[in-house]
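Presented below is the structure to which this report refers.
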Number of protein chains: 2
Amino acid sequence: MTPFVRIQNIGEFIEQEVTIKGWLYNKRSSGKLRFLLVRDGSATIQCIVSKNDIPAEVFENCDLLTQESSIEVTGRVSRDERSPLGYEIQVSNLSIVQIAEEYPISKKEHGVDFLMDNRHLWLRSSQQHAILRIRHEVIRAAREFFDQRDFILVDSPIFTPNAAEGTSTLFETDYFDGKAYLTQSGQLYGEAAAMAFGRIYCFGPTFRAEKSKTRRHLTEFWMIEPEVAYFNLQDDMQLAEEFVAHLVQSVLKNRLPELKVLERDISKLENIKAPFPKIHYREAVAMIKKENPAFIDGDDFGAPDETIISEKFDRPVIVHHYPAAVKAFYMKRDPQEPEYALAMDMLAPEGYGEIIGGSQREDDYELLIGRIRDHGLPVENFQWYLDLRRYGSVPHAGFGLGIERTVTWICGIKHLREAIPFPRLMQRIYP
Amino acid sequence: MTPFVRIQNIGEFIEQEVTIKGWLYNKRSSGKLRFLLVRDGSATIQCIVSKNDIPAEVFENCDLLTQESSIEVTGRVSRDERSPLGYEIQVSNLSIVQIAEEYPISKKEHGVDFLMDNRHLWLRSSQQHAILRIRHEVIRAAREFFDQRDFILVDSPIFTPNAAEGTSTLFETDYFDGKAYLTQSGQLYGEAAAMAFGRIYCFGPTFRAEKSKTRRHLTEFWMIEPEVAYFNLQDDMQLAEEFVAHLVQSVLKNRLPELKVLERDISKLENIKAPFPKIHYREAVAMIKKENPAFIDGDDFGAPDETIISEKFDRPVIVHHYPAAVKAFYMKRDPQEPEYALAMDMLAPEGYGEIIGGSQREDDYELLIGRIRDHGLPVENFQWYLDLRRYGSVPHAGFGLGIERTVTWICGIKHLREAIPFPRLMQRIYP
């Protein structure tokens, strides 16, 4: 029996007979030859069927094959410098697993809704392959970064009794005789874990019921959130820039062919090395006002404002010291200028917007309970969180990085929905 | 300034002055000496404060320290063969960050409900540390296993429009103007992704609204689910046994001190190497009936039945060919004996029960749509899933491994709820 080989490893079998198992991606005919482009999920290879070399029945079978038909192909591997893979197969046998019905996704342009309705099939395209392989690499590199620095993975719960940042955008679910909310962030739990392990990260799906249809919103997205005891805002910004540089450099190192499929301008990614520029909110406002005079000092930035800032730099920029009034209750204020929070956001270049939000956390019990009350949140739900300020409170900080926004930027694609396998939007939970 | 060092790395600083930042775990006095046991999340070290060596004020401060008070300690590192860590610190300075209020968790025995109410603090204990570090290693090793075998991570969605295995144990949530259900398994989406990438895995939280209060149930638990195109039941069982052996051997290699903290019988884990015993459902029934004559042939196994089987073996055992009638609609039946499904479960040793469930999937369109109807499921919700049998259907198989059950078994602990940082049970979503 010939060895079964994944196409990506076929270079190890030159001049040998192998079997591949996959699907027909494309085909063309030329007299007594058939050229089958076969994909198996790892790569795509051209298989050449020559009428004179194989039984008549097998050759006739080639003409039955439709796009995405499943087939097993046996043949001899040879070099082919003209093909992207560098190899081709001279077919000696071919068996049909299934003749596919007429495949709905053709080479022509399709509307976005049509492609989203067929997301389960659209995943088979080379563009979507490239994006999701880069997503895999971003997630792998993210875990690697924290694992190598002795952070402990502490998964935060999905079901929560309360909200970190208000209740208006929460998904609610019946929970036996009560109610639960789906997490918007693992941060509060991460803080408890940081007091136990010193440095931790959590990594899972988070949920926002935002009534927004923009390119920048998903109702379900993945976030990785480190939290570190005895850490201040400066430490936090440095960790964030080293982290993001590691993600980008890992994709450049391990997924360059995929970036090329996406026609990504690699030079823009090669720049992404720490340190990143860091500017005070005040400086950011001065930049924005030159181009958007209507901007009101003290407001949070809108997407166009973020673009104004990020366009000034060739790498991500960190804006720190946002006005405390527009930030979450748990952020510590700067003792030197208490109207500002020890908060920071990282904005990706090329107008891709915020990919990281973080802060030093309020570690004083009295100040924290006052903020919870000021924000109208139910103190009884936060007793456990307040405990962290009763039993050995320490300065601590952390941040959250949104995976899909990061993947969208690194891939250089337009829409967040292609950066996750099965996107969930306000008007879409199918397939 | 003296270097800031994590305690686990302190062996690199022998006879040097360092600063550690952490919390007081325990202390004792002996005349002019104070012995402070300090933890920083990475490890615990004994710090010796000698009245003659330091300012009087610093020495007096030692007597103010309560359990879990946060402190920064500076001193000289020396070897101490008697301590578990192998090092101690001769203190030259100590500063108090916060004196903790009276810590609710003492050395005495506490009830489970009390500890669960204080889960955010309980995480600081050495036992819980050990369990969660082993959890981290299981997850790291799980991803490593599939990454090294060229599986692509394809996260399945949490919000789903339909259920894989019936609706009775689903959590439902309002989704804008409609309803959504929280995923019980990523498998159906994994099948779509396997047709795109050949071999994939998904890894995320899954949800079951089971009204069960047993030690074996959580409402929220993490599952890793590989799915492979051109895979049959035999391939699937082999992948599963190699995978579980890799998890156990990785924990033995990288988390041996933690297993010792848990007083785990290591010899029972050293056995866990592939291949594992594999028995047909019929053989399993014969074993069960000897000890439980009331068992009815054709039924699924209860927990005591699983224990009867698993006690016969020194490593996990795979039971295959369950009756199709007790298994899910998507499982393929064995053409040789169609009353049995090409299904398999892996039972952990020592009575820890099922850790893996898997199967070869039905790949025939007509049979599958018939099963969906037979199970009373809404066909319109499964159109996308049926598409996978229209456009290049292939034999394929996969399985799901429950992380918490696996961690519970490897740690040798009694209750699933300690194998996840913030457990969610029927009657608990706090903290």
Side-chain angles (χ1 to χ4, degrees), chain A residues 6 21 23 40-42 68-70 97-98 100-101 103 120-121 123-124 132-133 136 139-140 147 150 152-159 161 171-176 180 189 192-193 195-199 204-205 220 222 229-230 384 387 390-394 420-422 424 426 429-431, chain B residues 6 21 23 40-42 68-70 97-98 100-101 103 120-121 123-124 132-133 136 139-140 147 150 152-159 161 171-176 180 189 192-193 195-199 204-205 220 222 229-230 384 387 390-394 420-422 424 426 429-431:
Chain A
R6 297 256 289 167
K21 302 178 182 183
W23 295 266
D40 72 351
S42 76
E68 285 301 316
S69 289
S70 38
V97 181
Q98 190 199 39
E101 294 180 27
Y103 195 61
H120 54 295
L121 302 175
L123 292 178
R124 303 181 185 185
L132 293 179
R133 284 174 184 275
H136 181 159
I139 291 173
R140 192 203 61 74
D147 289 352
D150 293 318
I152 299 295
L153 170 70
V154 181
D155 295 303
S156 55
I158 307 298
F159 288 128
F171 286 104
E172 184 183 283
T173 175
D174 287 331
Y175 194 87
F176 302 101
Y189 295 93
M195 300 303 131
F197 292 97
R199 46 181 78 172
E220 176 184 320
W222 287 68
Y230 289 101
W384 69 268
D387 275 357
R390 287 191 187 104
Y391 305 113
S393 190
V394 301
I420 187 166
F422 295 93
R424 294 305 185 232
M426 185 180 158
I429 53 168
Y430 181 94
Chain B
R6 296 257 289 169
K21 302 179 183 184
W23 296 267
D40 71 351
S42 76
E68 286 301 317
S69 288
S70 39
V97 181
Q98 189 199 38
E101 293 180 26
Y103 194 62
H120 55 294
L121 302 175
L123 291 179
R124 302 181 186 186
L132 293 180
R133 284 174 185 276
H136 181 156
I139 292 173
R140 191 203 61 73
D147 289 352
D150 294 319
I152 299 295
L153 170 69
V154 181
D155 295 304
S156 54
I158 307 298
F159 289 127
F171 285 105
E172 184 183 282
T173 176
D174 286 331
Y175 194 88
F176 302 100
Y189 295 95
M195 300 303 131
F197 292 97
R199 44 180 79 172
E220 177 184 318
W222 287 68
Y230 289 101
W384 69 268
D387 276 356
R390 286 191 188 105
Y391 306 112
S393 190
V394 302
I420 187 166
F422 295 93
R424 295 303 185 235
M426 185 180 159
I429 54 168
Y430 180 94

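We use all heavy atoms of the structure for the numbers below, so side chains are in, but hydrogens, waters and symmetry mates are not. Keep in mind that what you see is a predicted model, and the values were worked out from it rather than measured. We name chains A, B, ... by the order of the sequence lines, and we start the count at 1 in each one.
Contact annotation for A:Pro205: only side-chain heavy atoms (C-beta onward) come within less than 4.5 Å of a heavy atom of chain B. Contact of A:Asp150 with chain B is made through backbone and side chain together, with heavy-atom distances under 4.5 Å. Heavy atoms of A:Glu172 lying under 4.5 Å from chain B belong exclusively to its backbone. Both the backbone and the side chain of A:Arg199 have a heavy atom closer than 4.5 Å to some heavy atom of chain B. For chain B, the nearby parts of A:Ser393 are the backbone and the side chain; heavy atoms of each come within less than 4.5 Å. At a 4.5 Å heavy-atom cutoff, the contact between A:Ala229 and chain B is made by side-chain atoms alone. In this structure, the portion of A:Ile139 lying under 4.5 Å from any heavy atom of chain B is its side chain and not its backbone.
Among A:Ala100, A:Ala196, A:Pro421, the residue with the largest count of heavy-atom pairs under 4.5 Å with chain B is A:Ala196. No other option in B:Trp384, B:Tyr430, B:Trp222, B:Tyr103 has as many heavy-atom pairs under 4.5 Å with chain A as B:Trp384. Looking only at heavy-atom pairs under 4.5 Å with chain A, the residue among B:Gly198, B:Pro431, B:Ser42, B:Gly204 that has the most is B:Pro431. Comparing A:Val394, A:Thr173, A:Ile152, A:Asp155 by how many heavy-atom pairs each has under 4.5 Å with chain B, the most go to A:Asp155. Most heavy-atom pairs under 4.5 Å with chain B: of the set A:Ala192, A:Ala193, A:Pro157, this distinction falls to A:Pro157. Comparing B:Arg133, B:Met426, B:Glu68, B:Arg140 by how many heavy-atom pairs each has under 4.5 Å with chain A, the most go to B:Met426.
Judged by distance alone, the side chain of B:Arg424 and the main-chain N or O of A:Phe159 form a donor-acceptor pair under 3.5 Å. Side chain of B:Ser69 to main chain of A:Gly392: no donor-acceptor pair is present (N/O by atom type, distance under 3.5 Å, no hydrogens or angles).
Considering all non-hydrogen atoms of both residues, B:Asp387 and A:His120 come closest at OD2-NE2, 2.7 Å. Summarising the geometry of B:Arg124 relative to A:Tyr391, their closest heavy-atom pair is NH1-O, 2.9 Å, with the distance given to 0.1 Å. Of all heavy-atom pairs spanning B:Phe197 and A:Arg6, the tightest one is O-NH1, 3.5 Å. Between A:His136 and B:Leu153, the shortest heavy-atom contact is ND1-N, 3.0 Å.
Residues A:Asp40 and B:Tyr230 have side chains not in contact (no heavy-atom distance under 4.5 Å, counting atoms from C-beta outward).
B:Asp174 meets the salt bridge (Lys or Arg N to Asp or Glu O under 4.0 Å) test with B:Lys179; sequence neighbours excluded. The side-chain contact (heavy atoms from CB on, under 4.5 Å) check on B:Ser156 picks up B:Tyr189, B:Cys202, with sequence neighbours excluded.
Between B:Phe171 and A:Tyr175, the angle of the ring planes stays under 30°, which puts this pair in the parallel group of the 30/60° scheme.
In this structure, the separation between CE on A:Met195 and CG on B:Leu121 is 11.0 Å, given to the nearest 0.5 Å.
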